[in-house]
Amino acid sequence: MPFIRRVRVESPGLRSEHITAVQYSGSASGPLTVASTEAIARVIDGGTTMYTRHDQTGERALVITRTSPAGRRHLTTVANGRETDNLLRLPRF
């Protein structure tokens, strides 16, 4: 199962729409691969289930896709009812 473990954000970096790329792995501790947010959104929309995983805390959340008001696909989570905090709590790269 793939896990998103790090994110790259554009300024101001306060919302999940600001994530531009991720580092993910095929397992909870496997080697990391870089992908754009758009590429990961296509994979998830195609039926692949992905989770976040924080390397320090082990916390994880289901990643889903949304469309911003500007029409751009982005990644988010709803594990605790708040879409903005799970991905943005991951380490930056």
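Everything quoted here is computed from the prediction, not taken from an experiment. Along the sequence shown, the residues carry numbers beginning at 1.
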Should F93 and V34 count as side-chain neighbours, where that means a heavy-atom distance under 4.5 Å?
yes
What verdict does the side chain to side chain donor-acceptor pair (under 3.5 Å) test give for R73 and T67, after you've listed the backbone C-alpha separation in whole Å, the side-chain angles of each residue and the deciding distance to 0.1 Å?
CA-CA 4 Å; R73 298 295 285 159; T67 302; 2.6 Å; yes
Rounded to the nearest 0.5 Å, what separates atom OG1 in T49 from atom CD1 in I44?
8.5 Å
Counting N and O atoms only, with roles assigned by atom type, does the side chain of S25 sit under 3.5 Å from a partner on the main chain of A28, one being a donor and the other an acceptor?
no
Over all heavy atoms of both residues, which pair between L32 and R6 is shortest? Give the atoms and the distance, please.
CD1-NH1, 2.6 Å
Taking C-beta and beyond as the side chain, do L14 and L88 meet within less than 4.5 Å on heavy atoms?
no
Heavy-atom distance under 4.5 Å between the side chains of R5 and Q23, does that happen here?
no
Looking at Y51, is R60 sitting on its ring face, NZ or CZ under 6.0 Å from the six-membered ring centre and within 45 degrees of the normal?
yes
Counting N and O atoms only, with roles assigned by atom type, does the side chain of T52 sit under 3.5 Å from a partner on the main chain of A61, one being a donor and the other an acceptor?
yes
Quick one: does L75's side chain get under 4.5 Å of I40's, heavy atoms only?
yes
Distance col, row H74:NE2 vs I64:CD1, nearest 0.5 angstrom, shows 8.5 Å
Do side-chain atoms of R42 reach the backbone of T37 as a donor and acceptor pair under 3.5 angstrom?
no
Would L90 end up clustered with V43 when hydrophobic side chains under 4.5 Å apart are linked, directly or stepwise?
no
Can you name the closest pair of heavy atoms from V7 and V22 and give their distance?
CG1-CG1, 4.2 Å
Let me check something: do F3 and L62 share a hydrophobic cluster, defined by ILVMFWY side-chain heavy atoms less than 4.5 Å apart, either directly or through other members?
yes
Has the side chain of H18 got a donor or acceptor atom that lies under 3.5 Å from a matching backbone atom of G13?
yes
Flag the pair T48 / M50 as yes when at least one side-chain heavy-atom distance between them is below 4.5 Å, and no otherwise.
yes
If you count the non-hydrogen atoms of other residues, nucleotides and ligands that lie under 6.0 Å from CD in E10, is the total more than 12?
yes
Decide yes or no for R72 and E38: does some side-chain heavy atom of the first lie under 4.5 Å from some side-chain heavy atom of the second?
yes
State, with a plain yes or no, whether a side-chain heavy atom of R66 is found less than 4.5 Å away from one of S16.
no
Take T65 and D45, measure what side chain to side chain donor-acceptor pair (under 3.5 Å) needs, and give me the verdict at the end.
CA-CA 7 Å; T65 61; D45 290 344; 2.6 Å; yes
